[in-house]
Amino acid sequence: MRKAVCDKQKTIKGAWTKQEDQRLINYIQAHGEGSWRSIPQAAGLLRCGKSCRLRWINYLRPDLKRGNFTEDEEDLMIKLHALLGNRWSLIAGRLPGRTDNEVKNHWNSHMKKKLQSLGIDPNNHRLNHARPCQHHKGSATCHGSHNNVHLHRNKEEVQVDSDVSSKIEKVGCSLPDLNIGIPPLHAP
DNA sequence: AAAAGAGACAACCGCGAGTGT
DNA sequence: GACACTCGCGGTTGTCTCTTT
């Protein structure tokens, strides 16, 4: 049994204050990201490294794009989710300025409902039989609704991280009912 | 105007993978 | 090979804000 890293010392939990944010920003700007475990102490924060990392990645990073998702981003998110399932970090990697947490939250609160309203099961991207095909504005067809695009997490089954693009190509070919046109990977 | 409910988002937790010794 | 440790991910929960009654 491994001990939780954050239990080892007295750490603050809950919402971050502006002062804490500023300390973390100042430290990372001066020293880089480095070892998250040592950052809290070095930056003078009573937070665990995990919490610092999360705060930086999801909120403080200068390259983050705040605000609503555009239609293009949502479109791409749907396509990527059809391919990758709940691999939010991979999906976020294709949406510049977006974080996995942001993508995950947006999916759970907005996109699920959006897909359901279009008669699409948000889990497997199949058309629901209850709804007629013409109500779906996408290109999926009824006869193709038996395709299940869920990809297993097991790395022996699919090597996602190494080359997403090649997998997209492969999966896209095997899923004629999913109009998956994924743009090339953006530079970080 | 106040209370209740719903929605959105930030943050935490536990686990698995990767790496060094 | 076994172990210890850190990092990163996805699921879940907590809390704040907005909307409805």
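Each chain gets a letter, A, B and so on, in the order its sequence line appears, and its residues count up from 1.
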Atom-to-atom span, CD of A:Glu20 to C1' of B:dC12 - whole angstrom: 15 Å

Separation of B:dG14 C1' from A:Arg53 CZ (nearest whole Å): 14 Å

Check: A:Trp16 and A:Tyr59 side chains under 4.5 Å, non-hydrogen atoms: no

Length of the line joining A:Asn86:CG and B:dG16:C1', which is rounded to integer Å: 17 Å

Identity of whatever pairs with C:dG1 - Watson-Crick or G-U, under 3.5 angstrom: none

Euclidean distance, atom CG of residue A:Leu24 to atom P of B:dA11 [Å, nearest integer]: 11 Å

Distance in angstrom units between A:Lys13 NZ and B:dC13 C1', rounded: 9 Å

Charged N-O contact under 4.0 Å between A:Glu20 and A:Arg55: no

Got a list of protein N/O to nucleotides 5-10 of chain B N/O distances below 3.5 Å?
residue	atom	partner	partner atom	Å
B:dA8	OP1	A:His110	NE2	3.2
B:dA8	OP2	A:Ser109	O	3.1
B:dA10	OP1	A:Arg66	NH2	2.8
B:dA10	N7	A:Asn105	ND2	3.0
B:dA10	N6	A:Asn105	OD1	3.3

Rounded interatomic separation in angstrom, taking NZ from A:Lys50 and P from B:dC12: 10 Å

Intermediate values then yes/no, side chain to side chain contact (heavy atoms under 4.5 Å, CB included), A:Ile91 and A:Met77: CA-CA 7 Å; A:Ile91 295 172; A:Met77 199 192 300; 4.1 Å; yes

Separation of C:dG10 P from A:Trp107 CH2 (nearest whole Å): 14 Å

A:Trp56 CH2 to B:dA11 P, straight-line distance once rounded to whole Å: 15 Å

Pairing of A:Asp100 and A:Lys104 as salt bridge, 4.0 angstrom limit: no

Hydrophobic cluster membership, A:Leu115 vs A:Leu83, 4.5 Å side-chain cutoff: yes

Side chain of A:Ser35 (C-beta onward), nearest among C:dG10, C:dC7, B:dC12: C:dC7

